[in-house]
Engineer: 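First the structure, which I've put down as structure tokens, then a few questions once you've had a look.
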Amino acid sequence: MAQNLTKEAQELLDLLEKKEKLVAMLAPSFVIDFQYPEIVGRLKRLGFEIVAEISRGAIDTNKQLNALLKLHPGRRVITSPCPTIVRLIRNKYPHLEQYLAKIDSPMSATAKLIKKEYPGYKPVHFSPCMVKKLEASEDFPELDILALTYKDLAAVFHAKKNVALKKDLKAKFDIVGEETRLYPISGGLAQSSGITKNFTDEEYDVISGPVLADKILKDFPHKSELKILDILNCDGGCIAGPGMISVDSLSRRRQKVVDFWKSQQK
Ligand code: SF4
């Protein structure tokens with residue numbers, strides 16, 4: 001066994017060794033740690049037949065959120081793509097569970113799409129988030145998702161020294177996202193789902209970072225004017241996730257996500 005491998009990275013190496021049918025699902029912050037399109041080609045040479053953008057699943061997350069808001073116009077909602085926030089609410093603020101949007105996260109939505117379109121393939125999720133590992137195993141065990149961080153992926157590439165970085169300029173995602181490529185930035189959900197257009201400033205709030213998240217959750221029952229809370233646990237959003245390799249400033253990371261989003265606009 002190679003050194004410094006997490007159990008998830010080792011599990012991926014075992015699956016690759018067995019030549020299992022695998023789909024890679026890349027969170028939209030991948031552009032901070034890896035180059036596009038080279039990363040798609042490198043994942044395919046590693047052994048993934050299909051490479052998907054998680055931002056595709058985020059389109060379904062947005063649709064489900066908007067359907068929920070339409071069905072229950074007066075209902076107050078706390079967004080749920082961040083598994084750390086979901087766990088904070090379950091453990092510390094259980095009286096707020098009733099407000100959590102019971103909809104798919106981008107990870108589970110993408111995995112469901114893969115199960116439908118590519119039966120027999122195992123979804124492997126790559127993101128900067130450690131807690132997605134718990135979301136995969138505890139919240140969606142039936143989807144059989146293997147969740148790794150970008151640091152885990154770098155360790156797998158390191159272990160597979162024969163899968164070197166190449167130009168791979170023609171590599172393309174097999175499943176693509178859209179506006180939702182902004183999801184890893186705080187407020188990306190609110191913007192891409194239309195909440196910023198459809199609700200007044202008083203009716204929605206965008207919060208990131210553990211201190212502010214805790215404070216707004218404590219205050220939420222007393223702020224009845226606040227209808228939608230778009231909330232992520234890491235400061236600035238998933239671009240600050242602990243499984244990220246980059247040591248760039250937050251503003252540089254944010255810029256990379258925005259640049260990729262702009263470059264893929266049709
Ligand atoms: S904000 Fe942080 S904890 Fe929440 S999903 Fe993103 S990386 Fe994970």
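Side chains included, hydrogens not; waters and symmetry mates left out as well; all remaining heavy atoms used. Along the sequence shown, residues are numbered consecutively beginning with 1. Atoms within each ligand, like the ligands themselves, are counted from 1 in listed order.
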Engineer: Could you verify whether a donor N or O on one side chain and an acceptor N or O on the other, from Gln64 and Asp60, lie under 3.5 Å apart?
Structural biologist: no
Engineer: Which residue supplies the protein heavy atom nearest to atom 4 (Fe) of ligand 1, what is that atom called, and how far is it?
Structural biologist: Cys82 SG, 2.3 Å
Engineer: Give the numbers and elements of all ligand 1 atoms closer than 4.0 Å to a heavy atom of Leu232.
Structural biologist: 1 (S)
Engineer: Is it true that Phe126 and Phe157 have ring centroids separated by less than 6.0 Å?
Structural biologist: no
Engineer: Do any of the N, O or S atoms of Cys234 sit under 2.8 Å from atom 4 (Fe) of ligand 1?
Structural biologist: no
Engineer: Please check if the side chain of Thr79 supplies one atom and the backbone of Leu229 the other of a donor-acceptor pair under 3.5 Å.
Structural biologist: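 Pair found, side chain donor or acceptor close to backbone of Leu229.
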Engineer: Can you pull out the closest protein heavy atom to atom 3 (S) of ligand 1? Residue, atom name and distance to 0.1 Å, please.
Structural biologist: Thr84 OG1, 3.1 Å
Engineer: For ligand 1, which atoms, with element, lie under 4.0 Å from some heavy atom of Pro83?
Structural biologist: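 So the answer, numbered in order with elements, is 5 (S).
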Engineer: Can you list the atoms of ligand 1 that are under 4.0 Å from a heavy atom of Gly241?
Structural biologist: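 Here the atoms of ligand 1 in question are 7 (S).
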Engineer: Within the 3.5 Å criterion, strictly below it, is a donor on Tyr150 or Ser29 matched to an acceptor on the partner's side chain?
Structural biologist: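 Judged by distance alone, the side chains do pair up.
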Engineer: Among all protein non-hydrogen atoms, which one is nearest to atom 6 (Fe) of ligand 1, and what is the separation to 0.1 Å?
Structural biologist: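 Looking only at protein heavy atoms, the one closest to atom 6 (Fe) of ligand 1 is Cys238 SG, 2.3 Å.
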Engineer: Between the side chains of Asp248 and Lys256, is the shortest nitrogen-to-carboxylate-oxygen separation below 4.0 Å, so that they form an ion pair?
Structural biologist: yes
Engineer: Quick one: nearest non-hydrogen protein atom to atom 8 (Fe) of ligand 1, plus distance?
Structural biologist: Cys129 SG, 2.3 Å
Engineer: May I ask whether Asn233 places a heavy atom under 4.0 Å from ligand 1?
Structural biologist: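 Asn233: in contact with ligand 1 (<4.0 Å).
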Engineer: Compare all side-chain heavy atoms of Leu22 with those of Leu146 and state whether any distance is below 4.5 angstrom.
Structural biologist: no
Engineer: Got a donor-acceptor contact below 3.5 angstrom from the Ser208 side chain to the Leu232 backbone?
Structural biologist: no
